[in-house]
2 protein chains.
Amino acid sequence: MLDIAQYDQINPPYRLLMGPGPVNADPRITRSMAAPLIGQFDPVMTDYMNQTMALYRDIFKTTNQQTFVIDGTARAGIEAVLMSTIRPNDKVLIPVFGRFGLLLCEIAKRCRAEIYTIEMPWGQVFSPDMIEDAIKKVKPRLLLCVQGDTSTTMLQPLDEIGQICRRHGVISYVDATASIIGNPLEVDKWQLDGVSVSLQKCFSGPPGVAPITLHDNMVELIQKRKCVESGIRRDDEVDGSDEMIYSNYFDLDMIMRYWGAERINHHTEATSMLFAARESARIVLQEGLDNAIARHQINGKAMLAGLQAMDLEIFGDVSHKMNNVVGVIKPKNIDDAQLRNLMLSDFAIEIGSSFGPLKGNVWRIGTMGYNARKDCVMQTLTAFEAVLNKLGHKTKYGEALQAAWNCYSADK
Amino acid sequence: MLDIAQYDQINPPYRLLMGPGPVNADPRITRSMAAPLIGQFDPVMTDYMNQTMALYRDIFKTTNQQTFVIDGTARAGIEAVLMSTIRPNDKVLIPVFGRFGLLLCEIAKRCRAEIYTIEMPWGQVFSPDMIEDAIKKVKPRLLLCVQGDTSTTMLQPLDEIGQICRRHGVISYVDATASIIGNPLEVDKWQLDGVSVSLQKCFSGPPGVAPITLHDNMVELIQKRKCVESGIRRDDEVDGSDEMIYSNYFDLDMIMRYWGAERINHHTEATSMLFAARESARIVLQEGLDNAIARHQINGKAMLAGLQAMDLEIFGDVSHKMNNVVGVIKPKNIDDAQLRNLMLSDFAIEIGSSFGPLKGNVWRIGTMGYNARKDCVMQTLTAFEAVLNKLGHKTKYGEALQAAWNCYSADK
């Protein structure tokens with residue numbers, strides 16, 4: 001038995017989260033989670049669910065009816081779409097340009113897909129031609145692609161990809177978790193069939209809920225796999241013609257019928273996370289989606305300018321990086337862990353390390369959501385400069401801050 | 001484009017949630033979710049994760065190292081355990097005595113198990129002998145059982161079941177979502193191998209996070225299915241000898257390595273829900289687990305006495321009902337929806353309807369968590385009596401309240 005008197009209420013220390021996410025939550029969002037619970041079929045609750053669908057249609061720039069949230073983290077959203085659409089032995093094509101492309105391979109493997117990949121070195125993106133050529137060769141049923149891969153900071157251009165897929169009869173899915181709100185995403189205009197995201201990046205919300213949107217193309221595939229739960233089966237219900245979805249929790253057919261007029265009792269919606277999802281979308285739309293993207297752009301530009309003014313090498317193809325995160329190549333004489341520990345312990349600022357081939361060699365610094373702000377950029381640059389100098393990477397003090405500051409003036 | 005000015009902040013109306021859950025959250029729990037976020041590998045965060053593991057070991061009365069939370073609703077906890085332990089064609093035995101037994105069948109089906117069931121009419125439970133006889137006959141690899149099935153209000157006695165399973169070399173799993181904290185659950189003493197729960201019943205927490213505990217017997221099965229994610233593979237890592245788990249999100253081998261010393265980057269822990277889970281366990285242990293169970297017992301007894309004093313028939317075998325919920329058979333002359341609507345609109349009280357064979361014929365009234373309180377019981381009985389009388393079921397006004405009130409005096 002533990003001594004319960006030793007366990008006090010939750011009381012995290014102040015942190016400025018300037019890594020690749022989660023970032024500091026907008027206080028309006030965390031506050032929304034403190035609202036009282038209501039019953040899951042209370043008219044007020046189902047109205048909040050409908051409002052959330054409407055808000056995310058505007059966020060995704062889509063008219064897709066099937067726009068709602070999955071109760072789980074970003075990869076729950078990914079897995080819900082993949083499990084519900086990929087049948088065993090379905091051919092899928094995955095352009096891999098970082099860790100999160102590999103994650104799509106990993107999840108597709110669990111769905112027992114026949115997986116084909118094309119790969120780019122970390123720090124680069126694909127041209128639309130390269131993707132179209134691979135589609136012609138592989139003839140996949142689905143194309144699975146990441147928009148912004150935080151592991152490399154790269155943003156894959158997607159404006160032609162949906163169209164290419166439609167032309168070849170391929171269903172497209174995009175993981176836009178890291179890029180949405182910080183960079184343009186036009187689901188309908190770009191003809192994307194399925195997109196999933198989560199809140200802990202440019203939405204400034206908590207991790208743990210995953211908004212998704214599904215075009216009718218994808219909905220149709222999913223509905224063919226309908227599998228009725230015996231505990232709640234109605235007399236007139238029959239299963240679909242295609243093989244079942246090999247998950248109940250991620251069965252999007254059931255989840256659509258929970259979010260739709262039928263309101264079947266699939267799961268108990270995570271009320272507080274729904275509140276957070278609604279509030280996250282609401283405050284972005286209040287700011288204006290274009291304004292939010294522009295804010296990420298200018299703050300990302302300022303952070304980049306500041307880092308460059310410290311004679312640091314930037315990772316990857318800068319012309320294709322996301323607005324909201326930048327990769328910094330670690331100077332050889334600096335110890336990775338020592339720098340990040342000093343940033344956290346003496347300046348209360350968290351920046352990110354890296355995965356795979358970049359591990360220990362690249363820092364990732366975000367300017368996302370609530371932290372895509374002038375004061376956060378300049379505070380981070382100042383602390384980073386101080387720590388770099390202390391550990392042996394000498395800079396001309398103050399130039400980084402000034403370079404960033406100049407970006408904002410030039411913008412006016 | 002919607003008119004964002006029409007969307008105000010979250011502002012649910014007051015409700016007293018006296019159904020089968022979710023119930024009103026303890027304000028200390030919802031408040032904990034308003035705490036600022038921290039980074040997922042921040043030492044403060046990993047310390048909160050470790051504390052949460054320790055708190056739930058006391059809640060589950062276990063020394064199982066592998067005690068942590070799954071980011072998803074109650075059925076995410078169930079599916080994580082089932083997906084990670086059941087291989088295709090594994091034999092599973094499921095004693096079904098209500099809708100949530102059928103849910104276990106449904107999830108096991110998605111895992112491609114070979115499913116065997118024994119069934120009891122809704123409103124009854126199994127004797128240990130019946131379960132042992134079925135085990136002898138079927139020789140399953142796993143036994144899957146619900147402890148408290150809210151669909152029928154019944155509590156399956158489990159104190160001998162774990163032992164029976166161990167004797168026959170069967171791995172046992174229990175869904176204790178609806179029963180935990182309201183009724184005794186002794187994971188180690190009863191020799192249960194895996195148990196999952198969630199917060200929205202007697203914990204008075206939000207839905208959306210599922211605490212689980214796993215005995216080494218179960219951990220061993222899961223670890224044989226180890227499957228390394230290529231994006232984060234270390235050079236010395238090899239896959240397990242048994243077939244992979246057909247889900248990445250619910251891969252308990254990976255999730256254990258995220259919660260353990262290795263801290264692999266599986267998902268981004270749902271920070272605010274973790275805070276809620278930690279706070280939920282903390283306040284139960286502050287009250288004392290035995291005190292919390294006793295509180296559910298006396299309030300359940302009072303609610304039952306009040307309902308019986310209104311000449312209402314109670315559903316099922318009352319000697320085996322859960323402390324925290326009661327089923328009331330609807331008098332023939334009363335309209336189900338009309339009664340529940342009046343309760344909600346004029347008294348702000350939500351009670352539950354039912355599933356399957358009981359739909360429209362049984363109301364379910366809970367006395368759970370924050371609402372397992374004298375004032376909630378008496379307020380609910382008073383409102384229920386008023387509505388019943390208005391709709392044509394005549395009672396002797398005041399007797400229900402007095403019968404409930406007497407229970408509390410007798411208890412002193």
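None of these values were measured; they are calculated from a predicted model. In the text below, chain A, chain B and the rest are named by the order of the sequence lines, each starting its count at 1.
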Peer 1: Does some side-chain heavy atom of B:T268 sit less than 4.5 Å from a side-chain heavy atom of A:P22?
Peer 2: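 Counting from C-beta outward, A:P22 and B:T268 do come under 4.5 Å.
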Peer 1: Side chain, backbone, both or neither: which part of A:C105 has a heavy atom under 4.5 Å from chain B?
Peer 2: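 Neither part; nothing is under 4.5 Å.
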Peer 1: Do B:L37 and A:N24 have side-chain heavy atoms sitting under 4.5 Å apart?
Peer 2: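 With C-beta onward as the side chain, the pair stays apart.
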Peer 1: Any heavy-atom pair between the side chains of B:N248 and A:I78 that's under 4.5 Å?
Peer 2: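 In short, these two side chains do not touch, never coming nearer than 4.5 Å.
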Peer 1: Just wondering, do A:I4 and B:L55 contact through their side chains at under 4.5 Å, heavy atoms?
Peer 2: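 The answer is yes, as the side chains (C-beta and beyond) meet within the 4.5 Å cut-off.
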Peer 1: Ignoring hydrogens and geometry beyond distance, is a side-chain donor-acceptor pair present between B:S32 and A:Q9 at under 3.5 Å?
Peer 2: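 Judged by distance alone, the side chains do not pair up.
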Peer 1: Working note: B:Y249 + A:Y249, criterion ring-ring contact (aromatic ring centres under 6.0 Å, His included); need CA distance, chi angles, decisive distance, verdict.
Peer 2: CA-CA 11 Å; B:Y249 193 68; A:Y249 193 67; 7.5 Å; no
Peer 1: What part of A:P27 gets within 4.5 angstrom of chain B, counting heavy atoms only: side chain, backbone, both, or neither?
Peer 2: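 Neither part.
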Peer 1: Given side chains that start at C-beta, do those of A:E269 and B:P207 come closer than 4.5 Å, heavy atoms only?
Peer 2: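 No - every pair of side-chain heavy atoms lies 4.5 Å or more apart.
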Peer 1: Quick check on B:R282 against chain A: is it the side chain, the backbone, both or neither that has a heavy atom closer than 4.5 Å?
Peer 2: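 Contact with chain A involves both backbone and side-chain atoms of B:R282.
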Peer 1: What part of B:Q286 gets within 4.5 angstrom of chain A, counting heavy atoms only: side chain, backbone, both, or neither?
Peer 2: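 Both the backbone and the side chain of B:Q286 come within 4.5 Å of chain A.
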Peer 1: Evaluate side-chain contact (heavy atoms from CB on, under 4.5 Å) for A:R99 paired with B:E229, printing each intermediate quantity in order.
Peer 2: CA-CA 10 Å; A:R99 186 241 161 139; B:E229 192 175 309; 2.9 Å; yes
